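Everything on this sheet refers to the single structure shown next.
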Number of protein chains: 2
Amino acid sequence: MTEQDLKTEEKILEAAMTVFIQKGKAAARMQEIADTAGINKALLHYYYRSKDKLYESVFSIVIKQLLLPKIFKILQEEEDVFALIHQFADFYVGVINKNPFIPLFVIEEINKNPNRLSNAVLNSGIPIEQVIARFQKAMDEGKIRKTDPRQILVNLISMCIFPVAARNMLLPILFNNSKTEYKKFLELRKTEVAEFIIQSIKI
Amino acid sequence: MTEQDLKTEEKILEAAMTVFIQKGKAAARMQEIADTAGINKALLHYYYRSKDKLYESVFSIVIKQLLLPKIFKILQEEEDVFALIHQFADFYVGVINKNPFIPLFVIEEINKNPNRLSNAVLNSGIPIEQVIARFQKAMDEGKIRKTDPRQILVNLISMCIFPVAARNMLLPILFNNSKTEYKKFLELRKTEVAEFIIQSIKI
DNA sequence: GTCTATAAATTGATAGAC
DNA sequence: GTCTATCAATTTATAGAC
């Protein structure tokens, strides 16, 4: 594979990522991806055989390179549940804010192709059971109040993802269309979400 | 307009709602809508001129009839912030659970057509400012801890909507694919979300 | 109003020259 | 490897009979 190959392949992938993530799979157009990459439509099929395959490549990269590795690290390494919540919220709000179209992209994929993402997560080695056990232990030790640990986890993820997915609705309704205000709001959220949860579960 | 007209028009609308909400606008097929409605494809164009117009009708109904009125009532009438949180969570988790494809449908629309939903909300008369003021007052009175009321509102909405939007991911990861478990989890959430928030903000 | 048949348009995919 | 030109398939939309 020559250097030119790599360059083109990467250009395509980057363009495809932009278009697929913004438009969704069905509404994305191969022509637009080609235009965005600054190359010809036929080249898309030369490198990736079909729209399906191209989409799969994009999805795989988003999940396996962008989202999962860091989360894996946090969930794996952080023993203290309060610190875990903080780190998780900080990373998640940050990465999603930097890639604001990912939530829609992922939620769409979840609904169109239910098993792909969950399999990726399950195969990624992310130790969900361990994390839940860690929360359970904190409850047994009287550090946090007793509740279903999954409720806490779901709350955490919800609060990180949704405000970005719903950006275009929140912006006019809560922020008078001020992007500065909204940005400040999200920046604060990195700690706010964690504090909100800890405030709720600590004893 | 005869009775038959109404019947057919309604059949179409109902079918369109099912298909659009489940597939998204781009992936929805007029043929499938016609089949679902049990009528011919040409009739779709006879009643609604185009796919676009049909979609708009569906979206308008979902928002203006299904989502907004009840929320308006709750936000308008309920003075006590704790009760407001409870009622809001109870209704929202319930309606979304009954119509699990709505979150994706709405989020998609938010991103494709940013102003439509927010305008609908802004024009619905939902008293956002009043609600925020009510939270502010509760803070001033020392009933809840001081924070940005919008953070609380966003948390509330996030926790109601996301778990249903992400159903297909949560199901295998947190519930071993047990729909019964997941259903129980969501049923509990109607009160759990409200309690979680109140626990966090009360003094 | 409702249908069948068909046109028109869009778009993913391929052939073939360079 | 990259392009232009074209095909083939899908899908929205319309014409016209009943």
Side-chain angles (χ1 to χ4, degrees), chain A residues 1-62 101 105 108-109 111-113 116, chain B residues 1-61 101 104-105 108-109 111-113 116:
Chain A
M1 215 180 274
T2 76
E3 194 178 307
Q4 186 60 20
D5 267 4
L6 268 180
K7 268 199 195 134
T8 304
E9 225 175 310
E10 273 173 17
K11 270 195 297 184
I12 292 176
L13 215 49
E14 216 166 295
M17 211 175 295
T18 307
V19 177
F20 274 132
I21 289 179
Q22 290 201 24
K23 301 280 170 81
K25 184 179 172 184
R29 297 285 164 252
M30 296 296 268
Q31 186 61 58
E32 188 178 353
I33 294 174
D35 292 347
T36 305
I39 52 115
N40 189 279
K41 202 172 53 159
L43 262 189
L44 298 181
H45 290 90
Y46 175 79
Y47 281 99
Y48 304 83
R49 290 184 51 80
S50 67
K51 188 182 178 182
D52 265 334
K53 301 243 190 258
L54 181 54
Y55 177 84
E56 283 192 33
S57 300
V58 169
F59 183 77
S60 177
I61 284 184
V62 168
F101 291 101
F105 176 71
E108 194 172 306
E109 178 63 17
N111 285 281
K112 305 274 146 81
N113 200 333
R116 187 129 43 125
Chain B
M1 211 181 274
T2 75
E3 193 179 308
Q4 187 58 21
D5 268 5
L6 268 178
K7 268 199 195 135
T8 304
E9 226 176 308
E10 273 173 17
K11 269 194 299 185
I12 291 177
L13 217 50
E14 215 165 296
M17 208 175 296
T18 307
V19 176
F20 274 132
I21 290 180
Q22 291 200 23
K23 300 282 170 79
K25 184 179 171 183
R29 297 286 163 251
M30 296 296 267
Q31 185 62 60
E32 187 178 353
I33 295 175
D35 293 347
T36 305
I39 52 115
N40 189 278
K41 204 174 48 163
L43 262 188
L44 297 182
H45 290 90
Y46 175 79
Y47 282 98
Y48 305 83
R49 289 185 54 81
S50 67
K51 186 181 179 182
D52 265 335
K53 301 244 188 256
L54 181 53
Y55 177 82
E56 283 193 31
S57 301
V58 168
F59 184 77
S60 177
I61 284 186
F101 292 101
L104 174 59
F105 176 71
E108 196 172 305
E109 177 63 15
N111 286 280
K112 306 275 146 82
N113 200 333
R116 188 130 40 126

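Chain A is the first sequence line, chain B the second, and so forth, proteins listed ahead of strands; every chain is numbered from 1. All figures in this text were calculated on a predicted structure; none of them were measured in a lab.
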**Q.** Nucleotide D/dT2, atom P - distance to CD of A/Glu9 in whole Å
**A.** 10 Å
Q: Could you check how far NZ of A/Lys51 sits from P of C/dT11, rounded to whole Å?
A: 9 Å
Q.
Strictly below 4.0 Å: does B/Ser50 bring a side-chain N or O up to OP1 or OP2 of D/dT12?
A. no
**Q.** Sub-6.0 Å ring centroid separation between A/Phe20 and A/Phe101
**A.** no
(Q) Would you say the ring centers of B/Tyr55 and B/Tyr48 fall short of 6.0 Å from each other? (A) no
Q) Roughly, in whole Å, what's the span from NZ in A/Lys25 to P in C/dT11? A) 16 Å
Q | Rounded distance in Å - CE (B/Met30) to P (C/dA8) | A | 19 Å
Q: Looking at every strand, decide which applies to A/Ala34 at a 4.0 Å heavy-atom threshold: base, sugar-phosphate, or nothing.
A: nothing
Q.
Just the rounded figure in Å: distance from P of C/dT11 to OH of A/Tyr55.
A. 18 Å
Q.
Check B/Lys25 with B/Glu108, please: is the shortest side-chain N to carboxylate O separation under 4.0 Å?
A. no
Q. Taking atom NZ of A/Lys11 and atom CG of A/Leu43, what is their separation to the nearest 0.5 Å?
A. 9.0 Å
Q) Rounded to whole angstroms, how far apart are CD1 on B/Ile12 and P on D/dA13? A) 14 Å
Q) Out of D/dT12, D/dT2, C/dG12, which nucleotide sits closest to the side chain of A/Tyr46? A) D/dT2
Q.
Under 4.0 Å from OP1 or OP2 of D/dT12: is there any side-chain N or O of B/Arg29 that close?
A. yes
Q: Please state whether the phosphate of C/dT2, meaning OP1 or OP2, lies under 4.0 angstrom from any side-chain nitrogen or oxygen of B/Tyr47.
A: yes
Q) Out of B/Val58, B/Leu54, B/Ile33, B/Ile12, which residue meets the side-chain contact (heavy atoms from CB on, under 4.5 Å) rule with B/Met17? A) B/Val58
Q. What integer distance in Å separates A/Leu54:CG from C/dG12:C1'?
A. 12 Å
Q: Please state whether the phosphate of D/dA13, meaning OP1 or OP2, lies under 4.0 angstrom from any side-chain nitrogen or oxygen of B/His45.
A: yes
Q) So with a 6.0 Å cut-off around CD of B/Gln22, is the heavy-atom count from everything else above 12? A) yes
Q. Between atom CD1 in B/Ile33 and atom C1' in D/dA13, what is the gap in whole Å?
A. 14 Å
Are any protein N/O atoms closer than 3.5 Å to N/O atoms in nucleotides 3-7 of chain C? If there are, list each pair with its distance.
from	atom 1	to	atom 2	distance (Å)
C/dC3	OP2	B/Asn40	N	3.0
C/dT4	OP2	B/Asn40	ND2	2.9

